[in-house]
Amino acid sequence: MIIGAPKEIAADEKRVAMTPDSALQLQKLGYECIIQSGAGANAGFTDAAYRSAGVKIANTAAELWKSSDIITKVRPPEAKEVNYLTLGKLLISFFYPAQNPDQMALIAKNNANVIAMDMVPRISRAQKMDALSSMANIAGYRSVIEAGNNFGRFFTGQITAAGKVPPAKVLIIGAGVAGLAAIGTATSLGAITYAFDVRPEVAEQIESMGAEFVYLDFEETSQDGATTGGYASPSSPEFREKQLAKFRELAPEIDIVITTALIPGRDAPKLWLADMVSAMKPGSVVVDLAAERGGNCELTTPDQKTISDNDVTVIGYTDFPSRMSAQSSTLYATNIRHMMADLTPDKDGQVFHNMDDDVIRGATVTHAGAVTFPPPAPKVQAIAAKSKEKVKEKTPEEIRAEEIAAFKQTTKNQVGLLAIGGVLLLGVGAYAPASFMQHFIVFVLSVFVGFQVIWNVSHSLHTPLMAVTNAISSIIILGAILQIGSPSVLVIVLSAVSVFFAGINIFGGFLVTRRMLAMFQKS
């Protein structure tokens, strides 16, 4: 089968769905690759580079669509492109099915299949195909770069002969993929970074990246992000008022605001209002990553940069990934290549559209002449939810009763083992010579004492392997020390050698442990 990548016809779109490197990987799966002439030029990939990778060049879009069995795109197809999707063809692209129901129905009527890269389930196995996260990561990084380009000062504080420059203060609203990427970029540039999210459980992630989490004095707990595909859930009116009050308090101190709050299928919530912009210092910057869905800032104009009355720059660009076209094309093409690997389990160049596969089913919006959107919940989530329902939390009384029963059973086992050991010892003592019993008792004591002395040392000071090794060494030392008083010269020599080598092992173990701990100490 042939995989083709047409030139994007959307205005200002510079990305491409196939790179020379991804084409090489697709050919290893058994596919032939074709690309429209000039499709990768804006991303820095020339036709010559594609030819070197074994990719055929189509002169026109019509030629490419006609000759391709599978079409990979970045943007959803436009009306004239939909006409090319005839019987049996497969389109892999961003599609946004909830916003394109008419187009989806038309494609299904044409008996063409569509896999929407924006519908890939957010489960562990599908991370390598998560194009939304790939693009959000780039958008978060680029938002900080755009903010710096429009900000009149350094991000990091400096003390120079000409004077002192305070560090910029950056507030990032929303700690999803884009927000975390923005946090990492802002902190690495030296800014004092604050971050807010309606999910308090992300505070640890934010603080681990060097930013300060903005807490609200509010008792409402947000919905578990896993139940909404990793996105924050809508907040109550009371929570929203508390949230806005906190933002008004922060606005006069913040130099740069980056908003990333967006829930799929909804308009962007208004979080940075006009009065907050008015409260910011002149020269400040607001970057709205939710501009495509109306924006989180009241003054945002999609695809434009506007200046407020108090000289605050509000950036509403919707093409942040396209502004880093080479990087974003590489990541997106890799996401598609991984999707094709799942669609081609036999690596024979033939698509096996397995609708029983959670990832493939979740991303498929039309198949075999039918609209398959919305998809069912992934089996993994369904099984987890079912298991969670079955698990009943135990009461303190039940837990206590189980602990007592376990203690009684352990005590019973120990008493039984002691009784068996006593009987065996009496049996051995009745027939073995006195000298054997003396040595046997020494052996038992050395084993017991060595075990108790070293085995119970906390593994925070030892690795588990070293703790066990030292326990064995201590057994050897105790046994050897007890034998040093023997009248036999050979026994004394062997005992001394045992003490020497076992001592090396113990002290060496502590030395290695000390060096390992030193690796984690700040100088």
Side-chain angles (χ1 to χ4, degrees), residues 380 383-521:
V380 175
I383 293 170
K386 191 174 180 181
S387 300
K388 191 173 181 180
E389 290 176 0
K390 287 183 177 180
V391 175
K392 182 183 177 182
E393 290 189 5
K394 298 176 182 178
T395 63
E397 292 77 13
E398 291 174 336
I399 294 173
R400 178 63 178 167
E402 288 183 0
E403 290 176 348
I404 293 173
F407 176 76
K408 289 180 178 178
Q409 184 62 41
T410 302
T411 305
K412 184 178 179 180
N413 293 340
Q414 290 176 345
V415 170
L417 290 173
L418 287 173
I420 294 171
V423 171
L424 291 175
L425 189 62
L426 287 173
V428 172
Y431 298 98
S435 59
F436 172 81
M437 290 304 298
Q438 180 182 355
H439 294 304
F440 184 72
I441 290 172
V442 168
F443 172 75
V444 171
L445 286 175
S446 62
V447 169
F448 178 77
V449 174
F451 180 88
Q452 293 298 327
V453 168
I454 302 298
W455 186 270
N456 291 325
V457 174
S458 172
H459 289 171
S460 62
L461 299 178
H462 282 68
T463 64
L465 177 60
M466 288 184 181
V468 175
T469 304
N470 283 354
I472 297 172
S473 299
S474 67
I475 292 169
I476 296 171
I477 283 182
L478 287 171
I481 289 174
L482 291 172
Q483 293 297 325
I484 283 179
S486 172
S488 172
V489 176
L490 179 60
V491 172
I492 293 174
V493 171
L494 291 175
S495 299
V497 171
S498 299
V499 171
F500 177 72
F501 283 109
I504 291 176
N505 191 42
I506 290 177
F507 291 116
F510 277 102
L511 182 61
V512 171
T513 301
R514 181 177 178 81
R515 289 184 177 180
M516 291 173 65
L517 293 173
M519 293 169 62
F520 300 96
Q521 292 176 349

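Because the structure is a prediction, the values reported are computed rather than measured. Each residue takes its place number in the sequence, starting with 1. In what follows, every heavy atom counts, from backbone to side chain, and hydrogens, waters and symmetry copies are set aside.
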### Message
Applying side-chain hydrogen bond (donor to acceptor under 3.5 Å, both in side chains), can you list everything that pairs with Q409, at least two apart in sequence or on another chain?
### Response
N413

#### Entry: Partner set under side-chain contact (heavy atoms from CB on, under 4.5 Å) for S495, not counting sequence neighbours
A480, Q483, I484, V491

### Query
Quick one: side-chain contact (heavy atoms from CB on, under 4.5 Å) partners of P487, sequence neighbours excluded?
none

